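All values derive from a computational prediction rather than experimental measurement.
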Amino acid sequence: MLDLAFLRNNLEAVEARLALRGGDNPLAGFRELDRQRRAAITEVERLKAQRNAGSEEIGRLRRAGQDTAAQQARLRELGEQIKTLEEAAKQHDAALDEILRTTPNVPHESAPAGAGPEQNVEVRRWGKPREMHFTPQAHWDLGPSLGILDFDRAAKITGARFAVYWDLGAKLERALMNLMLDVHTREHGYTEVLPPFLINSASLFGTGQLPKFAEDLFKCEGHDFWLAPTAEVPVTNLFRKETIPAERLPIKIAAFTPCFRSEAGSYGRDVRGIIRQHQFQKVELVKFARPDQSYQELESLTADAEDILQRLDLPYRTVVLCTGDMGFSSAKTYDIEVWLPGLNEFKEISSCSNFEAFQARRAEIRYKPDARGKSDFVHTLNGSGLAIGRAWVAIVENYQQPDGSVVVPDALRPYLNAERISAEGRAI
RNA sequence: GGAGAGGUGCUGGAGUGGUCGAACAGGGCUGCCUGCUAAGCAGUUACACUGGCAAAACCGGUGUCGGGGGUUCGAAUCCCCCCCUCUCCGCCA
């Protein structure tokens, strides 16, 4: 959410930057609505002030033992008037609120202008895709043939876009989770958190998934509970409606959670394999930072995520998203894309964003710069560190051998207790 | 799921219809005092919206005592619905 006063004073500049995201101008009706709303508020408050003064007067007269029937009748009428005007004021208020709640964040000046993914800019590349003197298999062939990935039974027990992991497949998922959490908590200074996986509407509003993107989520019937689409939601909302002492910043949290997404509107995309599932696991990194430090925190957050790929010796590139490809709440986003030989392309495995005060304003997360100063909104950031399912794919595809076996990367061997997954799916 | 108790400001804790944004205590901040610390003294101490202004300071108004509705000239106080915490029972891992 953008700041109302800031919007009022910088409307044209904000509109110009939002235009870089593409689509219609979300602030088209702002100026007029704002004017109407303020006029309505002024009038209602004027009448309420009158009523309050009148009520006080009645209190005084009563105590003096005087009759107040006439005053009461007059104020009753005033009350009717207030009620009517208040209805109108509420409508203006709701209309303006609707604009505020559905207007995306303003892109940071360092985010490249562009209409879509083609205009994202590669900022660095790490590692070289292995030379394979055979035709690499995609994980959706290799996984089932190793007996570690099972789509048929997942379809039976649940439906499309779900998977069952067997034996070393399940263990590989768990090994990745442990490696990521260990590295981030022991070496990168993050605090581990295990949050609820069901979250309420207020939390989803705080991070920006609601009200606009309800169709991407799963809702629990009969409850104000939703399946978390990412740990970003519960973890960022940990500090909702709180004021954090400045000396505690930056707060850095790593959280493992499953993530649930309806993937509405992505029917044709990534239909094979486990690239795009309704449920996947992720280790998420979340930061709360002072505004003047948030962009350097974004750089280190991205580096922390990249470090996992380096330890797994998986080639990747990092791109900065252009204004037309960024998410609703983000001011600047880096995507990390891992090389997948089976698909023969780089595929997003992490998305690291600085939301500046956009989420903090929605979720009312403040900090106090010092004991005397006024509190201000923190900046929130988050990034996948990493998406575990896609890391699983990257390992199986990048480390596959001509004989159909998969070599286990050094960093995972202590976790998996194996050096290789044989073509028959056994630990060696 | 059933029964009961409770949710007030940074904290503890008063307050059952009238000048309550809220007594009192503690904490914080500012100043005085003090060689320093402690003690003491005085003042101050929420947030949002809104008007005066283009803005800041400042002054005023409106709203906020878990959330939402209602009664009333007037609600922290009365009524209704919901949420949360605690205790007991049931159920369950």
Revision key, fill the gap. Per atom distances to the A:A49 side chain, the nearest of B:rU62, B:rC49, B:rC47 is B:rU62

Review point. When we call it a touch if two heavy atoms are under 4.0 Å apart, what does A:L78 touch: a base, just sugar-phosphate, or nothing?
Key: nothing

**Study point:** Closest-nucleotide ordering on RNA chain B, the 5'-leading residue of A:D34 and A:G54
**Key:** A:D34

Review point. From B:rA55, B:rU50, B:rG74, pick the nucleotide closest to the side chain of A:S55?
Key: B:rG74

**Study point:** Distance, C1' atom - from B:rG26 to B:rC33, rounded to whole angstrom
**Key:** 23 Å

**Study point:** B:rU77 versus B:rG69 - spacing of their P atoms, nearest Å
**Key:** 14 Å

Exercise for review: Identify, between A:Q71 and A:N9, the residue whose nearest nucleotide on RNA chain B lies closer to the 5' end.
Suggested key: A:N9

Check your understanding: Just how far, in rounded Å, is C1' of B:rG74 from CD of A:Q50?
Key -> 15 Å

Check your understanding: So with a 6.0 Å cut-off around CG of A:N417, is the heavy-atom count from everything else above 12?
Key -> no

Review point. Between A:K368 and B:rC47, does any side-chain N or O lie under 4.0 Å from OP1 or OP2?
Key: no

Review point. If you check every side-chain atom of A:R38, which of B:rG51, B:rC49, B:rC73 has the closest atom?
Key: B:rG51

Exercise for review: For B:rC10 and B:rU87, measure between their C1' atoms and round to the nearest Å.
Suggested key: 29 Å

**Study point:** Base-pairing mate for B:rG43 - Watson-Crick or G-U, with both contacts under 3.5 Å
**Key:** B:rC29

Revision key, fill the gap. Heavy atoms of A:P211 and A:R362 approach each other most closely as CD-NH2, 3.7 Å

Practice item. Please check if the distance between the ring centroids of A:Y295 and A:H108 is under 6.0 Å. Key: yes

Check your understanding: With both distances under 3.5 angstrom, what nucleotide forms a Watson-Crick or G-U wobble pair with B:rC36?
Key -> none

Check your understanding: Rounding to the closest angstrom, what is the interatomic distance between B:rU8 and B:rA25 at atom C1'?
Key -> 16 Å

Study note, to complete from the structure: Here the distance between atom P of B:rC83 and atom CG of A:L198, to the nearest Å, is 16 Å

Exercise for review: Can you tell me the pairing partner of B:rC58 across any strand shown, Watson-Crick or G-U wobble, with both distances under 3.5 angstrom?
Suggested key: B:rG52

Check your understanding: Once the angle between the rings of A:H184 and A:Y190 is folded into 0 to 90°, is it parallel (under 30°), tilted (30 to 60°) or perpendicular (over 60°)?
Key -> perpendicular

Study note, to complete from the structure: Here the distance between atom C1' of B:rG70 and atom CD of A:E80, to the nearest Å, is 14 Å

Review point. With rounding to whole Å, what would you report as the distance between B:rA76 and B:rG2 at their C1' atoms?
Key: 30 Å

Practice item. Go through B:rC47, B:rU62, B:rU50 for me and flag the one nearest to the A:S375 side chain. Key: B:rC47

Check your understanding: What nucleotide among B:rG63, B:rC49, B:rG74 has an atom nearest to a side-chain atom of A:K48?
Key -> B:rG63

Point to revise | A:I41 side chain, from C-beta outward: closest of B:rG18, B:rA55, B:rU50 | key: B:rU50

Point to revise | Among B:rC47, B:rU71, B:rC73, the one nearest A:R366 by side-chain distance | key: B:rC47

Practice item. Scan every strand shown for a Watson-Crick or G-U wobble partner of B:rG4, both distances under 3.5 Å, and answer none if you come up empty. Key: B:rC86

Check your understanding: In the strands shown, is B:rA75 matched to any nucleotide by a Watson-Crick or G-U wobble pair with both distances under 3.5 Å, and which?
Key -> none

**Study point:** Whole-Å gap separating P (B:rG51) and CZ (A:R35)
**Key:** 12 Å

Study note, to complete from the structure: A:K241 atom NZ is separated from B:rU64 atom C1', nearest whole Å, by 11 Å

Review point. What distance do A:R161 atom CZ and A:Q277 atom CD have between them, rounded to the nearest 0.5 Å?
Key: 8.0 Å

**Study point:** Pairwise P distance, B:rU45 and B:rA23 [rounded to whole Å]
**Key:** 12 Å

Exercise for review: Output yes when at least one side-chain N/O atom of A:R51 is less than 4.0 Å from OP1 or OP2 of B:rG18, else no.
Suggested key: no

Revision key, fill the gap. To the nearest angstrom, the CZ-P distance between A:R8 and B:rC53 comes to 16 Å

**Study point:** Side chain A:D141, main chain A:Q137, donor-acceptor under 3.5 Å
**Key:** no

Exercise for review: Please state the C1' separation for the pair B:rC53 and B:rG60 - nearest whole angstrom.
Suggested key: 14 Å

Exercise for review: Identify whether any heavy atom of A:N52 sits under 4.0 Å from a base atom; if not, whether one sits that close to sugar-phosphate; answer base, sugar-phosphate or nothing.
Suggested key: sugar-phosphate

Exercise for review: Between B:rU71, B:rC73, B:rU50, spot the one nearest the side chain of A:Q72, thanks.
Suggested key: B:rC73

Review point. Would you say a side-chain N or O of A:N200 is under 4.0 Å from OP1 or OP2 of B:rC83?
Key: no

Study note, to complete from the structure: Rounded to the nearest 0.5 angstrom, the OG-CG distance for A:S203 and A:L198 is 11.5 Å

Practice item. In whole angstrom, give me the gap between the P atoms of B:rU37 and B:rU30. Key: 13 Å

Point to revise | Distance in angstrom units between A:R240 CZ and B:rC47 P, rounded | key: 20 Å

Study note, to complete from the structure: Regarding the side chain of A:R37, the nearest nucleotide among B:rC47, B:rC49, B:rG74 is B:rC49

**Study point:** Among B:rG69, B:rC47, B:rU50, the nucleotide that comes nearest once only the side chain of A:K90 is considered
**Key:** B:rG69

Check your understanding: Is the NZ or CZ atom of A:R390 positioned over A:F280's six-membered ring, under 6.0 angstrom from the centre and within 45° of the axis?
Key -> no

Review point. Given atom CD of A:E87 and atom P of B:rG69, what is their separation to the nearest angstrom?
Key: 10 Å

